[in-house]
Amino acid sequence: MVETETKKLVQDLLASQPLAVLSTHQAGQPYSNLVAFAADPDLENIYFATTRATRKFANITADPRVAVLIDNRANQEADFAEAAALTVVGSAHEVHGSEKEQGLQLFLPKHPYLKDFVGAPTCALLKVKVAKYILVNRFQEVREMSPA
(Lines give C-alpha, C1' and ligand atoms only; values in the text may rest on other atoms or scores of the structure.)
Protein backbone atom coordinates (compact mmCIF):
# COMPACT_ATOMS: atom_id res chain seq x y z
CA MET A 1 0.00 0.00 0.00
CA VAL A 2 2.77 2.48 0.91
CA GLU A 3 4.54 1.70 -2.37
CA THR A 4 1.37 2.41 -4.37
CA GLU A 5 0.81 5.66 -2.45
CA THR A 6 4.43 6.71 -3.03
CA LYS A 7 4.20 5.97 -6.74
CA LYS A 8 0.99 8.03 -6.99
CA LEU A 9 2.61 10.97 -5.19
CA VAL A 10 5.64 10.77 -7.51
CA GLN A 11 3.41 10.63 -10.60
CA ASP A 12 1.33 13.58 -9.37
CA LEU A 13 4.39 15.75 -8.73
CA LEU A 14 5.91 14.90 -12.10
CA ALA A 15 2.65 15.66 -13.91
CA SER A 16 1.67 18.82 -12.04
CA GLN A 17 4.95 20.72 -11.95
CA PRO A 18 6.36 22.41 -15.06
CA LEU A 19 9.81 23.26 -13.67
CA ALA A 20 12.55 21.43 -11.85
CA VAL A 21 15.95 22.27 -10.43
CA LEU A 22 18.69 20.38 -12.27
CA SER A 23 21.94 19.87 -10.37
CA THR A 24 25.21 19.01 -12.08
CA HIS A 25 28.79 19.60 -11.04
CA GLN A 26 32.13 20.62 -12.45
CA ALA A 27 35.33 19.63 -10.67
CA GLY A 28 33.33 18.94 -7.52
CA GLN A 29 31.57 22.33 -7.53
CA PRO A 30 27.75 21.95 -7.58
CA TYR A 31 25.77 23.88 -10.18
CA SER A 32 21.96 24.20 -10.37
CA ASN A 33 19.51 25.50 -12.97
CA LEU A 34 15.78 25.69 -13.51
CA VAL A 35 14.62 23.52 -16.39
CA ALA A 36 11.28 22.73 -17.98
CA PHE A 37 10.81 18.97 -17.91
CA ALA A 38 8.53 16.08 -18.76
CA ALA A 39 8.53 12.52 -17.45
CA ASP A 40 7.53 9.34 -19.22
CA PRO A 41 4.55 7.41 -17.81
CA ASP A 42 6.64 4.46 -16.63
CA LEU A 43 8.75 6.86 -14.50
CA GLU A 44 12.01 5.57 -16.00
CA ASN A 45 13.07 8.79 -17.78
CA ILE A 46 12.81 12.56 -17.48
CA TYR A 47 13.43 14.87 -20.42
CA PHE A 48 14.61 18.49 -20.56
CA ALA A 49 16.06 20.78 -23.21
CA THR A 50 19.04 23.10 -23.21
CA THR A 51 21.35 24.66 -25.72
CA ARG A 52 24.68 22.93 -26.18
CA ALA A 53 26.55 26.13 -25.22
CA THR A 54 25.33 26.04 -21.60
CA ARG A 55 27.35 25.18 -18.53
CA LYS A 56 24.84 22.46 -17.60
CA PHE A 57 25.36 20.77 -20.99
CA ALA A 58 29.17 20.93 -20.57
CA ASN A 59 28.89 19.56 -17.04
CA ILE A 60 26.68 16.65 -18.16
CA THR A 61 29.01 15.91 -21.07
CA ALA A 62 31.92 15.67 -18.62
CA ASP A 63 29.97 13.69 -15.98
CA PRO A 64 26.41 12.51 -16.67
CA ARG A 65 25.43 12.11 -13.00
CA VAL A 66 22.63 14.51 -12.09
CA ALA A 67 20.03 15.21 -9.45
CA VAL A 68 16.70 16.82 -10.29
CA LEU A 69 14.48 18.43 -7.64
CA ILE A 70 10.76 18.80 -8.26
CA ASP A 71 8.54 20.29 -5.56
CA ASN A 72 5.11 21.78 -5.05
CA ARG A 73 5.90 24.50 -2.52
CA ALA A 74 3.95 27.72 -2.48
CA ASN A 75 6.51 29.60 -0.37
CA GLN A 76 4.07 29.73 2.53
CA GLU A 77 4.40 28.62 6.14
CA ALA A 78 2.02 25.75 5.37
CA ASP A 79 4.71 24.24 3.13
CA PHE A 80 6.46 22.83 6.19
CA ALA A 81 3.53 20.49 6.72
CA GLU A 82 2.05 20.20 3.23
CA ALA A 83 4.72 20.58 0.55
CA ALA A 84 6.36 17.61 -1.13
CA ALA A 85 9.83 17.52 -2.67
CA LEU A 86 11.03 14.83 -5.03
CA THR A 87 14.71 14.27 -5.75
CA VAL A 88 15.44 12.29 -8.88
CA VAL A 89 18.89 10.68 -9.03
CA GLY A 90 20.16 9.46 -12.37
CA SER A 91 22.37 10.02 -15.37
CA ALA A 92 21.69 12.30 -18.34
CA HIS A 93 22.62 12.18 -21.99
CA GLU A 94 21.54 13.84 -25.22
CA VAL A 95 19.06 11.86 -27.29
CA HIS A 96 18.85 11.65 -31.09
CA GLY A 97 16.63 10.10 -33.76
CA SER A 98 13.64 8.06 -32.63
CA GLU A 99 14.67 8.43 -28.98
CA LYS A 100 14.52 12.22 -29.38
CA GLU A 101 11.14 12.01 -31.11
CA GLN A 102 9.81 9.88 -28.26
CA GLY A 103 11.04 12.46 -25.73
CA LEU A 104 9.55 15.36 -27.69
CA GLN A 105 6.17 13.59 -27.74
CA LEU A 106 6.19 13.90 -23.94
CA PHE A 107 7.93 17.27 -23.65
CA LEU A 108 6.05 19.40 -26.20
CA PRO A 109 2.48 18.72 -25.01
CA LYS A 110 3.56 19.87 -21.54
CA HIS A 111 5.58 22.85 -22.88
CA PRO A 112 4.12 23.83 -26.29
CA TYR A 113 5.51 27.38 -25.93
CA LEU A 114 9.05 25.87 -26.20
CA LYS A 115 8.49 24.36 -29.66
CA ASP A 116 10.77 26.85 -31.44
CA PHE A 117 13.42 26.53 -28.73
CA VAL A 118 13.63 22.73 -28.92
CA GLY A 119 13.49 22.87 -32.71
CA ALA A 120 16.59 25.06 -32.96
CA PRO A 121 19.75 23.31 -34.21
CA THR A 122 21.66 24.58 -31.14
CA CYS A 123 19.22 22.90 -28.73
CA ALA A 124 19.71 19.45 -27.27
CA LEU A 125 17.05 17.25 -25.74
CA LEU A 126 18.46 15.37 -22.78
CA LYS A 127 17.12 12.27 -21.10
CA VAL A 128 17.71 11.51 -17.45
CA LYS A 129 17.71 7.76 -16.87
CA VAL A 130 16.24 7.56 -13.38
CA ALA A 131 18.10 5.41 -10.85
CA LYS A 132 15.84 6.31 -7.92
CA TYR A 133 13.32 8.76 -6.55
CA ILE A 134 13.52 10.20 -3.04
CA LEU A 135 10.24 11.72 -1.89
CA VAL A 136 10.03 13.96 1.17
CA ASN A 137 6.66 15.14 2.40
CA ARG A 138 5.04 16.11 5.67
CA PHE A 139 8.34 17.88 6.45
CA GLN A 140 10.26 14.75 7.53
CA GLU A 141 8.68 11.71 5.91
CA VAL A 142 11.21 10.24 3.48
CA ARG A 143 10.50 7.44 1.01
CA GLU A 144 12.68 5.98 -1.74
CA MET A 145 11.40 4.32 -4.88
CA SER A 146 12.96 2.81 -7.96
CA PRO A 147 11.28 3.53 -11.32
CA ALA A 148 8.59 1.16 -12.57
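This one's a predicted model, so the numbers in the text were calculated from it and none came from an experiment.
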(request) Would you please test V68 and V21 for side-chain contact (heavy atoms from CB on, under 4.5 Å) and show each step? (result) CA-CA 6 Å; V68 181; V21 177; over 6 Å; no
(message) Walk me through whether R143 and E141 qualify under salt bridge (charged side-chain N to carboxylate O under 4.0 Å, His left out).
(response) CA-CA 7 Å; R143 301 179 226 176; E141 187 175 305; 2.4 Å; yes
(message) Treating D40 as the side-chain partner and N45 as the backbone partner, does any N or O pair qualify as donor plus acceptor under 3.5 Å?
(response) yes
(request) Mark yes or no for whether N59, through its side chain, and T24, through its backbone, hold a donor-acceptor pair below 3.5 Å. (result) no
State, yes or no, whether a side-chain contact exists between [X] and [Y] at a heavy-atom distance under 4.5 Å.
X	Y	answer
L114	F107	yes
L69	L86	no
L43	V10	yes
P64	H93	no
K8	T6	no
H25	R65	yes

Rounded to the nearest 0.5 Å, what separates atom [atom1] in [X] from atom [atom2] in [Y]?
X	Y	atom1	atom2	answer
T50	N33	OG1	CG	7.0 Å
E101	L108	CD	CG	9.0 Å
L14	F37	CG	CZ	5.5 Å
I60	R55	CD1	CZ	13.5 Å
S98	K100	OG	NZ	12.0 Å
E44	S146	CD	OG	10.5 Å

Any idea which heavy atoms bring [X] and [Y] closest together, and the distance?
X	Y	value
A92	V66	CB-CG1, 4.1 Å
K127	Y47	CD-OH, 3.4 Å
A39	I46	CB-CG1, 4.0 Å
A67	T87	CB-CG2, 4.4 Å
C123	F117	CB-O, 3.2 Å
S32	S23	OG-OG, 2.9 Å

(request) Kindly determine whether L104 and V118 satisfy side-chain contact (heavy atoms from CB on, under 4.5 Å), including the steps that lead there. (result) CA-CA 9 Å; L104 289 173; V118 298; 4.0 Å; yes
(request) Please list, chain by chain and in numerical order, all residues satisfying side-chain contact (heavy atoms from CB on, under 4.5 Å) with A124, sequence neighbours excluded. (result)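 Checked A124 against side-chain contact (heavy atoms from CB on, under 4.5 Å); matches are R52, F57, E94, L126.
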(request) Give me the ring orientation class for Y113 and H111: parallel if the planes are under 30° apart, tilted from 30 to 60°, perpendicular past 60°. (result)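 Ring orientation of Y113 relative to H111: perpendicular.
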Between [X] and [Y], is there a shared hydrophobic cluster once you connect ILVMFWY residues whose side-chain heavy atoms come closer than 4.5 Å?
X	Y	result
L106	L125	yes
L9	L13	yes
V136	V89	yes

(request) Determine which pairs satisfy salt bridge (charged side-chain N to carboxylate O under 4.0 Å, His left out) with at least one residue from residues 102-118, sequence neighbours left out, and list them in order. (result) none
(message) Before you tell me yes or no, could you show the steps for D71 and Q17 under side-chain contact (heavy atoms from CB on, under 4.5 Å), namely the whole-Å CA-CA distance, both residues' side-chain angles and the distance that decides it to 0.1 Å?
(response) CA-CA 7 Å; D71 69 85; Q17 300 305 309; 6.0 Å; no
(request) Kindly indicate, with the supporting measurements, whether the criterion side-chain contact (heavy atoms from CB on, under 4.5 Å) is fulfilled by V35 and L19. (result) CA-CA 6 Å; V35 294; L19 297 173; over 6 Å; no
